[in-house]
Novice: 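Please find one structure pasted underneath; my questions will follow.
First the proteins, then the strands, lettered A, B, ... as listed; each starts at 1.
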Amino acid sequence: MNFNLEAGCRLLQWYAENARDLPWRSTDDPYKIWISEIILQQTRVEQGRQHYLNFIEKFPTAESLANADTDEVLLSWKGLGYYSRAMNLHTAAKQLVNDFGGNFPDNFNEILKLKGVGRYTAAAIASIAFGEDIPAVDGNFYRVLSRFFADDFDVSRSAAHGYFSELAKMLMPPGLAGDFNQAVMDLGSGICRPRKPLCRECPLEEGCAAAGTGTAELYPKKTKKVRKTELALGYAFVEWRGSFLIRRRGTDFIWKNLYEFPAEVPESFQKYSESSFLINHQLTHRSLRITINHYKIPDEHLFRRYAAQGGFLITDLEGSARKSFPQPLQRFIGEIFSG
DNA sequence: AACCCGGGGTG
DNA sequence: CACCCAGGGTT
């Protein structure tokens, strides 16, 4: 192996002087570190910061989270996306209480048993909270390491995690994995950025193969996904004096567990207006055409009977704020009541 | 190993 | 508009 521990030490020294001041870094409570890691999955630090503070205040312990109900947890996650993270977090809190007797597991293999905790997150918690010597390989590692070694390994391949774990070991000074992992995160965020990296300010510039040739932005190598066809989705916004109907989506297709409107109404209902808009649903690489027909129901009895028969919930603008909707529907509700 | 899951920021 | 972000689960 071609070790370069000296570069790793330079990175640690840089981190000692330049570490970001983040709320989850002022605790050694593995529960809080766990929460922060889940929130930060595919989520920028600045977006997750306030959510973390709110979440910890509302659920300060695994017990409090385990005892919460689903809607409460889901609501706390509003605006973060990837809502299955919230569901898994709830499940894992119950695991902590029931399977681990309230004691947070203290090593990689045990932490990995928690629902929603994969290789990256288990390594992050084990290294940061318990000092275990293991790299927490995430997107920052892919970028920093592929540049440092000018390595063309395609990071979209499933094997990338194992491959870059081995590369990480060449830089990691033994016994300091927690700081090393967080140092790579801060470097990847502030210096070794996806675009316009600041190689002149980088503690790893000396020894970095890509910086030496000015090719940092060519890494990491990643295959592009192909865009597929357009998809149509139809909704009925059924309203009676400011109240309207919603239901919870199932666990199939998109927007799992979130709320939405009915798909259709009886023929006797009179359409008040129609709006249609196109959004780019990046996760499925499809453009999504959402059409929402607006119905104003004149008769309360008719409104309630339809709701009961269809199994819909009746809510209003204030009530809807206590539910989680996909962003496009949430925006639609806001526009309906402001315009 | 491929595919699915989001909201928000950035150039 | 395209791409990215402290990834994990399912098939």
Novice: How would nucleotides 5-11 of chain C be written as a contact map, 5' to 3', with B for base contact, S for sugar-phosphate-only contact and - for no contact, using protein heavy atoms under 4.0 Å?
Specialist: BBBSSS-
Novice: Quick one: on DNA chain B, does Ser158(A) or Trp255(A) contact a more 5' nucleotide (nearest heavy atom)?
Specialist: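 Checking each residue's closest nucleotide, the 5'-ward one belongs to Ser158(A).
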Novice: Enumerate the residues from residues 48-63 of chain A whose closest heavy atom to DNA chain B is under 4.0 Å, giving them by residue number; use none for an empty result.
Specialist: none
Novice: Tell me whether the centres of the aromatic rings in Phe325(A) and Phe332(A) are closer together than 6.0 Å.
Specialist: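 Between Phe325(A) and Phe332(A), the centre distance exceeds or equals 6.0 Å.
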Novice: Does the gap between the ring centers of Tyr142(A) and Phe164(A) come in under 6.0 Å?
Specialist: yes
Novice: Can you measure Leu74(A) atom CG to dC5(B) atom P for me and round it to whole angstrom units?
Specialist: 16 Å
Novice: Within a 6.0 Å radius of atom CD on Glu274(A), are there more than 12 heavy atoms belonging to other residues, nucleotides or ligands?
Specialist: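 Yes, CD of Glu274(A) has more than 12 neighbouring heavy atoms, counting only those of other groups under 6.0 Å.
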Novice: Rounded off to whole Å, could you give me the CG-to-C1' distance for the Leu288(A) and dG6(B) pair?
Specialist: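 After rounding, the gap between these two atoms is 12 Å.
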Novice: Are Tyr306(A) and Phe312(A) an aromatic pair, judged by ring center distance below 6.0 Å?
Specialist: yes
Novice: Could you tell me whether Phe59(A) and Phe55(A) have their ring centroids closer than 6.0 angstrom?
Specialist: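 That pair passes the under 6.0 Å test.
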Novice: Within 45 degrees of the ring normal and closer than 6.0 Å to the centroid, is that where the cationic atom of Arg331(A) sits relative to Phe277(A)?
Specialist: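 Judged by the rule, Arg331(A) and Phe277(A) form a cation-pi pair.
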Novice: Starting at CD1 of Ile279(A) and ending at P of dA2(C), how long is that distance when rounded to a whole Å?
Specialist: 14 Å
Novice: Flag the pair Asp71(A) and Arg248(A) as a salt bridge only when some basic side-chain nitrogen lies within less than 4.0 angstrom of an acidic carboxylate oxygen.
Specialist: yes
Novice: Just how far, in rounded Å, is C1' of dC3(C) from OH of Tyr142(A)?
Specialist: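 Answer to the nearest Å: 18 Å.
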Novice: Atom NZ of Lys78(A) to atom P of dG8(B): distance rounded to whole Å?
Specialist: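 Rounded to whole Å, this separation is 11 Å.
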Novice: Which sits closer to the 5' end of DNA chain B, Arg193(A) or Ser156(A), going by the nucleotide each is nearest to?
Specialist: Ser156(A)
Novice: How far apart are the closest heavy atoms of Ala123(A) and Pro135(A), and which atoms are they?
Specialist: CB-O, 3.5 Å
